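Everything below concerns the one structure shown next.
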Amino acid sequence: METLDALRARIRSIEGRGEAAVSARRVVSTGVAAWDAAWGGLPSPGATEIVGPLGAGRAGLLAALARSASGTVAWVEEERSLYPPALAAVGVCLSRVAWVRAPLTGVQLAVEQVVASGCFSLVLVDLPRVPAGAWSHWGRAVLRGATALVVATERTVSDPAVALRLSLSSGQITVVRARDGRLGRTAPLAAGLAA
């Protein structure tokens, strides 16, 4: 009789996500050469946090990432501010984007379930603030779903689950946390906003 751990390993193997696949981190291109040069791409599986005030360009950066993503994308928000025709106007293929509008009280669980599903190559989240304790759940979900999670927010919450933290200000993207030592590198936001 197999133990529970052996059964879990067997299921991961059948799903194509064995221990080696889950623990092996790779980097996927953002689709923008200047951004890839500055921060090396997006960790996958891994979590990226983009921090900037309202109007700094967070939604534009997410749209640029959605446009250049290979595979299906999930876009999760709580404020109902996403306007699909605007995404289409900048070249995002809407047939590859699942739009998830979560209620304020359920956004943490919605993000966790979407990320853990493994159905999306990229999960984009636009939240004014990250709920307390969310990163620890999302970090585990990222590994289960073997996906890249990008969360754009106004305020940072220091958490070890975040592999890459970017700051937006004055039209620049600055690396403020990176596991590969690229701290302080910058790239222009405008580099990826042209359609």
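The structure presented is a predicted model; accordingly, all values stated were derived computationally and were not measured.
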What is the distance from atom [atom1] of [X] to atom [atom2] of [Y], rounded to the nearest 0.5 Å?
{"X": "Leu42", "Y": "Thr48", "atom1": "CG", "atom2": "OG1", "result": "5.0 Å"}
{"X": "Ile50", "Y": "Leu62", "atom1": "CD1", "atom2": "CG", "result": "5.0 Å"}
{"X": "Arg96", "Y": "Ser121", "atom1": "CZ", "atom2": "OG", "result": "7.0 Å"}
{"X": "Leu149", "Y": "Leu143", "atom1": "CG", "atom2": "CG", "result": "11.0 Å"}
{"X": "Arg182", "Y": "Leu166", "atom1": "CZ", "atom2": "CG", "result": "11.5 Å"}
{"X": "Trp75", "Y": "Leu94", "atom1": "CH2", "atom2": "CG", "result": "10.5 Å"}

Is there a side-chain contact between [X] and [Y] (heavy atoms, below 4.5 Å)?
{"X": "Ser44", "Y": "Val27", "answer": "no"}
{"X": "Thr186", "Y": "Ile173", "answer": "no"}
{"X": "Thr30", "Y": "Leu65", "answer": "yes"}

Is Val125 linked to Val100 within one hydrophobic cluster, defined over Ile, Leu, Val, Met, Phe, Trp and Tyr using a side-chain heavy-atom separation of less than 4.5 Å? yes
Is Val73 reachable from Val90 through a run of hydrophobic residues whose side-chain heavy atoms are each under 4.5 Å from the next?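 Looking at the clustering, Val73 is in the same group as Val90.
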Exam field: side chain [X] to backbone [Y], donor-acceptor pair closer than 3.5 Å:
{"X": "Arg179", "Y": "Pro43", "result": "no"}
{"X": "Thr153", "Y": "Leu127", "result": "yes"}
{"X": "Arg58", "Y": "Asp126", "result": "no"}
{"X": "Arg144", "Y": "Ser117", "result": "no"}
{"X": "Trp99", "Y": "Pro84", "result": "no"}
{"X": "Glu77", "Y": "Leu82", "result": "yes"}
{"X": "Ser170", "Y": "Gln172", "result": "no"}
{"X": "Asp36", "Y": "Ser29", "result": "no"}
{"X": "Ser167", "Y": "Thr174", "result": "no"}

Counting only heavy atoms not in Arg129 (residues, nucleotides, ligands), do more than 12 fall under 6.0 Å from its CZ?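 No, the 6.0 Å shell around CZ holds no more than 12 heavy atoms from other groups.
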Please report the shortest heavy-atom distance between [X] and [Y], naming the atom on each side.
{"X": "Pro131", "Y": "Gln108", "result": "CB-OE1, 3.8 Å"}
{"X": "Glu154", "Y": "Val51", "result": "O-CG1, 3.5 Å"}
{"X": "Leu189", "Y": "Ala56", "result": "CD2-O, 3.4 Å"}
{"X": "Ala38", "Y": "Val175", "result": "O-CG2, 4.0 Å"}
{"X": "Thr72", "Y": "Cys119", "result": "OG1-O, 2.9 Å"}

Arg155 and Glu49 ion-paired at < 4.0 Å: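 No, Arg155 and Glu49 are not salt-bridged.
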Is it true that Glu78 and Arg101 make a salt bridge, defined as a side-chain N closer than 4.0 Å to a carboxylate O?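 No, no charged N to carboxylate O under 4.0 Å.
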Do the rings of Trp35 and Trp39 sit parallel, tilted or perpendicular, given the 30° and 60° boundaries?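 Judged by the thresholds at 30° and 60°, the geometry between Trp35 and Trp39 is parallel.
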For side chain to side chain contact (heavy atoms under 4.5 Å, CB included), just list the numbers for Val130 and Val151, CA-CA rounded to whole Å, side-chain angles, deciding distance to a tenth of an Å, and then say yes or no. CA-CA 9 Å; Val130 174; Val151 178; 3.9 Å; yes
